[in-house]
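Side chains included, hydrogens not; waters and symmetry mates left out as well; all remaining heavy atoms used. For the single chain, residues carry numbers from 1 onward in sequence order.
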Amino acid sequence: MPLDTGMEALKLAQALRKKQVRVLVEMKERRLKKSLDYANKSLIPFVIVLGSQEVETGIINLKNMLSGADVTISIQELTGDPHSFLVFRNGNESSHARCLVIFPAKILFWN
C-alpha cells in the first residue's frame, strides 16, 4: 500500500506546531524547484522534502535555505527538540528559525 506523504507531512507539521514551530505544508501540485524558489523568495530558512523513503526510514534531510547545508536527522530527533536544529546565523548572531516548510513528495519556517 503506497504511503500518503501528504498525510505524513501534516502529522509531522502538527507535532512541530506543538513545539511552537510555525510550519507550512506545501500541498500545491507544482514542481519541487518552483516550491524551493517560493521558499527562497519568502525567506523561509528551513525546508524538508518528505517522500515515501523518508517516511519509511524515519530519516529526513533538513535543508538550511540560507547556507545551503543539509542536516540528516531522524523525525523523532526533530520533533523531540526542533529548536536545537532550527538555528541559523544572521550576521554574527545565531537565531532560532520559527518556520519551516515541508514539501510532501507526490511520487508513491518566516522569522
Side-chain angles (χ1 to χ4, degrees):
M1 180 174 178
L3 290 168
D4 181 353
T5 55
M7 184 59 72
E8 295 301 320
L10 292 173
K11 287 179 187 176
L12 177 55
Q14 182 180 24
L16 291 169
R17 288 176 182 137
K18 286 181 180 178
K19 300 284 186 160
Q20 282 67 52
V21 176
R22 293 188 339 176
V23 181
L24 301 173
V25 178
E26 172 66 64
M27 298 303 282
K28 292 183 179 177
E29 297 283 339
R30 58 180 162 184
R31 292 183 181 179
L32 182 60
K33 181 173 178 359
K34 287 268 189 194
S35 295
L36 292 174
D37 288 343
Y38 166 78
N40 274 327
K41 288 177 186 172
S42 300
L43 301 176
I44 296 170
F46 291 94
V47 168
I48 296 169
V49 178
L50 190 70
S52 57
Q53 182 177 353
E54 289 80 8
V55 172
E56 287 175 10
T57 63
I59 304 295
I60 57 167
N61 284 318
L62 179 64
K63 180 159 185 75
N64 182 323
M65 297 298 286
L66 303 174
S67 70
D70 286 325
V71 175
T72 302
I73 58 172
S74 72
I75 292 172
Q76 186 175 11
E77 283 179 292
L78 180 63
T79 56
D81 185 14
H83 300 287
S84 66
F85 296 101
L86 302 177
V87 177
F88 64 98
R89 300 230 11 114
N90 186 5
N92 292 330
E93 298 180 14
S94 292
S95 302
H96 289 281
R98 292 176 293 144
C99 185
L100 68 103
V101 180
I102 302 170
F103 296 113
K106 300 292 182 187
I107 307 172
L108 305 209
F109 93 115
W110 304 260
N111 295 324

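With sequence neighbours left out, the side-chain hydrogen bond (donor to acceptor under 3.5 Å, both in side chains) criterion links Thr72 to Asn61. Listed by chain and number, the residues in a side-chain contact (heavy atoms from CB on, under 4.5 Å) with Ser74 are Ile59, Gln76, Glu77 (sequence neighbours excluded). Among residues two or more places apart in sequence or in another chain, the salt bridge (charged side-chain N to carboxylate O under 4.0 Å, His left out) test is passed with Lys33 by Asp37.
Side-chain contact check for Tyr38 versus Leu24: some heavy-atom pair is nearer than 4.5 Å. Put simply, the side chain of Asn64 does not reach to within 4.5 Å of the side chain of Val71, judged on heavy atoms.
For residues 11-20, the set of pairs meeting the salt bridge (Lys or Arg N to Asp or Glu O under 4.0 Å) definition, not counting sequence neighbours, comprises Glu8-Lys11.
Between atom CG of residue Leu12 and atom CD1 of residue Ile75 there is a gap of 6.0 Å, rounded to the nearest 0.5 Å. Between atom OG1 of residue Thr79 and atom CD1 of residue Ile60 there is a gap of 8.5 Å, rounded to the nearest 0.5 Å.
In this structure, Val47 and Leu36 approach most closely via the heavy-atom pair CG1-CD2, 3.8 Å.
Of the possible polar contacts, one joining the Glu54 side chain to the Gly51 backbone as a donor-acceptor pair under 3.5 Å is found. Looking at Lys63, its side chain never comes within 3.5 Å of a backbone N or O of Ala69 through a donor-acceptor pair.
Linking ILVMFWY side-chain heavy atoms closer than 4.5 Å, directly or via other members, places Met65 and Leu32 in a single hydrophobic cluster.
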